Structures are given as C-alpha cells and as structure tokens.
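Throughout, protein chains are lettered first and strands after them, A, B, ... in sequence-line order, and every chain is numbered starting at 1. The structure presented is a predicted model; accordingly, all values stated were derived computationally and were not measured.
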Number of protein chains: 2
Amino acid sequence: MPRAGLSHDAVVRLALQVVDDGGSRGFAELSLAKVAAKAGVAAPSLYKHVGSLADLRREVAVLAIREVTAASTAATVGRAGADALHALANAWRSYAREHPGRYAATQIGPDPEDPADARQRDAAAEGVQVVVAVLRGFGLPDDRVIDAVRAVRAGVHGFVMLELGGGFRMREDVDQSFAVLLDMLVAGVAALGTPNALLEHDTPGSHR
Amino acid sequence: MPRAGLSHDAVVRLALQVVDDGGSRGFAELSLAKVAAKAGVAAPSLYKHVGSLADLRREVAVLAIREVTAASTAATVGRAGADALHALANAWRSYAREHPGRYAATQIGPDPEDPADARQRDAAAEGVQVVVAVLRGFGLPDDRVIDAVRAVRAGVHGFVMLELGGGFRMREDVDQSFAVLLDMLVAGVAALGTPNALLEHDTPGSHR
DNA sequence: CCGCCTTGGCTAATGGGCGTAGCTTTATGG
DNA sequence: CCATAAAGCTACGCCCATTAGCCAAGGCGG
C-alpha cells in the first residue's frame, strides 16, 4: 500500500542503473522486469510512467548519445586541429569505457522511417556536428569534410567497439594502439587538406 | 505424420535463412520459433538437432566469421601491400553489405571465460591472422604490427558498422568515403614502417 | 515378411517477459 | 470532508524457450 514515489524520470534513472550494472551487455539485457525489481514495484506499474520497453530503450539511447556529445564538446572547447581531434577521440573512448552499457545503447541504428526514432536521429546528428566542427579546423575543402568525418567516426567507433567487445588481446598495449590510430587519422585528415598528397596516386581496387 | 527430414546442418541452414531475411536485425531477432516455422515443424522438435537457441546462435556466429575470413583470404591471395589491403577491406565490406544479418552475428563478443565460446574465439583469431598477414607485407617492425592490425580492423569494422546502422546520410558518396578511409589507413600503415614520419612529433592528449 | 528399437516428430506443460484491463487505494485540492 | 486523478496492484493473454513424455516411421536383424 505504500507508494514507491516513481516518476518518468525516476524510471529512466533506474533503467540507467540496470544498463550500467550489466556491463557492455547491460543495454541488450535491459528489461522492464529488472527495472521494476530495482524500483520495488510490480512490472505493470511501470506503464504508468513509461509507454513501453521500446520507449524506455529509446529514451536511454537518446540520453547516452547526448552524454557522449556533451563529453566530446566539453573536451574540445578551446582546442583546435590535431589537439582537438585527440581530445575528442579520447573523451569518446573514455565515455565508452566508463559506461559500456550506455555506449552500446548509442549503437542501435534508429529506423529512418519511424517518427518515434526522430529524437534519437536528431541527437545522433548533433553528435556528428561536434566531429564536423573539429574537422573544419583542419581547413579542408568543403566536399572533403564529409569523408574526413566518416573516417574519424569509423576509426574511433570501430576501435571502441572492438575494445569493448574484447576483440583485443594484450590489454596493456591498447592505449598505444589507440594513439597510433589517432595519429593515422590526424595525418590522413591533414593530408586531405593538401591535395595530391594522398588520393591522387591511383589506388587499385578503390574508387569503383 | 510425414517426417520433415531435418538434421543439425539443415537447422543451421534454416537459421541462416532467418538471419538473412531479417536484414541487419536478422541475427538479433533470430528465434527458434522462426526457424521452426520455416522448417514446418513444431518448435520443440528442433531440440532433437540443436542444444539450445544460444548454441544455434553460436553456430551461426562461427559460420559467419569463417565466411568473412574466407572472403578476405580469397580476395588477397596473390596480392601484396596497398593492393592487398584494398582488396581485403573491400571484400570485408562487401560481405557485410551482402549479408548484414550474418555480419551482425560476427559482432557479438565471445565470453573469454565460457568454454562454449571457444570455437568462436578461435574463428575470430583466424580472421585476424589474415589482416596480420596482409600487414606483414608492409615490412613493419614487429612491435608495430599489432597497432597497424588494430587500426585497420577498427577503421574497416567501424565504417561497415556505421554504414549498416544507417549512420551515413547521402548514400551516393559512401564508396568514396570508404576509399578515403582506406587511403588514410594505407598511408598510416606505410608510415609506421618509416619511423619519425608520424609518431614522433609529440601529440598532446595521446600516449597518456 | 515381421517385429524391434532408434529416432524424429508431436502435444502438454512450466516459467518468464511484455503488455492490457480493470480494481483499489492514496493523496491532493477544493 | 469528499471527489477525483494518479499510482499502485492482481489477473489475464500472448509469445517465446525449454522440459517431459508420448507415438509413429522406418531401418535392420532375424
């Protein structure tokens, strides 16, 4: 008979706890049952505060995306060029390591059709804008920026993904490998700004 | 009363169909119920051929990993250097685009503890060996090879992941962006073989 | 050709998760 | 002090994985 005093935000907070508790599998294993247990409440009671499990997952995803974005912007404020790119990438990776479950929430592709995923899509787009801003500092031609953004996103996201998934043996050297990747990306992006350095020597197999 | 004539392999084949039918969500949404429906059989009957859903998923994962590996080796045989790296990356990406569900199966991190995941871990290790072999052709110092392998895996895997997840707007330019990423990786790996080109100019924020 | 036994299918039933319906109680505000 | 909206609850239906136990199909030895 006593009330638990839940609310929409409280439920989302509890969901985040569940996600965080579950390590990198936390988001995949998020369930209303677990949230209800943590709230000390029967599962159907949650529907007073949340539309569905899918809604809750979306909400967690948006929140996680915004957190990564916030960490990235905070890390890059007042920096430029290679310095900014390093800070961005390190902030990104740090977030993923500190909140593997939340980072996994980031990773689900929103359905471009579904209007329910709109906020998620917008949040993701905002996150990309941080990368765009950092890379604009390299003075690339406008039509190369998109390639640079994609390369950086792919490299950092891929590295983090593999690291979280246990794809690397020998944990000790991972920091150095990340630094090497970053140097490659910095050099590659810089080279994109100075034509004829990279792309023009023909590369068989690419540019189909 | 007529027999369906199933077998272990037949069930796995049907599971692959289910995975393929489901697009990039196919693996996540793989269920015994769907396999049974496709087989024209009641769900519990599948347990005569398969230990559990988890077993079936593992089996699909191993198979997919081996297919990516096979495609990669086939593409790089008789090639070396940048040529081989391009072929490897393109084969990898092509596989993911042609079999998004199976590629997703590749992505689940095997539990390093669980002996049931051993075959999966071994298969993944074999796949990495192809990358190692290709990158050895660049004549890197031994202690740099691991960094190069990780950078290439991260870049290609990350790109493919983002592409499959719908992370890129403007589909038309994706091929070019991939080519740019590859050029960055080729240049970066090549530079790893010629010290002082990249790593030594100090890069604030990295090498913590 | 016959019966046996392995094998592959079945139905029934359990347990767990999501989600809906409808009841009850709390607490709030007039 | 009561009315009512909000926040719980229980009961239920549905889907899925999994277990248990039954039955028939069909190959094989006699």
Base-contact (B) and sugar-phosphate-only (S) positions in nucleotides 1-8 of chain D, heavy-atom cut-off under 4.0 Å, - elsewhere: -----BBB
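A salt bridge links A:Asp21 and A:Lys38; the closest N-O separation between the charged side-chain nitrogens and carboxylate oxygens is under 4.0 Å. Electrostatic pairing of A:Arg66 and A:Asp122 does not count as a salt bridge here, judged by no charged N lying under 4.0 Å from a carboxylate O. A salt bridge is absent between A:Arg121 and A:Asp117: the closest approach of a Lys/Arg side-chain nitrogen to an acidic carboxylate oxygen does not fall below 4.0 angstrom. A salt bridge does not link B:Asp173 to A:Arg150: none of the charged nitrogens lies less than 4.0 Å from a carboxylate oxygen.
A cation-pi arrangement, defined by a distance under 6.0 Å to the six-membered ring centre and an angle within 45 degrees of its axis, is present between A:Arg57 and A:Phe27.
Closest non-hydrogen pair, A:Arg102 versus A:Val19, comes out as N-CG1, 3.6 Å.
If you take OG on B:Ser24 and CD on B:Gln107, they are separated by 10.0 Å, rounding to the nearest 0.5 Å. Note: B:Glu67 CD to B:Thr106 OG1 = 9.0 Å, rounded to the nearest 0.5 Å. Between A:Glu163 atom CD and A:Phe178 atom CZ the span is 8.0 Å, to the nearest 0.5 Å.
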Steps toward ring pair (Phe, Tyr, Trp, His ring centres under 6.0 Å) verdict (B:His99, B:Tyr95): CA-CA 6 Å; B:His99 309 284; B:Tyr95 181 86; 4.8 Å; yes
Look for any protein N or O under 3.5 Å of an N or O in nucleotides 18-20 of chain C and output each such pair with its distance, or none.
| unit_1 | atom_1 | unit_2 | atom_2 | d |
| --- | --- | --- | --- | --- |
| C:dC18 | OP1 | A:Leu32 | N | 2.8 |
| C:dC18 | OP2 | A:Ala33 | N | 3.0 |
| C:dG19 | OP2 | A:Tyr47 | OH | 2.8 |
| C:dG19 | OP2 | A:Leu53 | N | 2.8 |
| C:dG19 | O5' | A:Tyr47 | OH | 3.0 |

Below 3.5 Å is the cut-off: list the nitrogen or oxygen pairs between protein and nucleotides 2-5 of chain C, distance only.
none

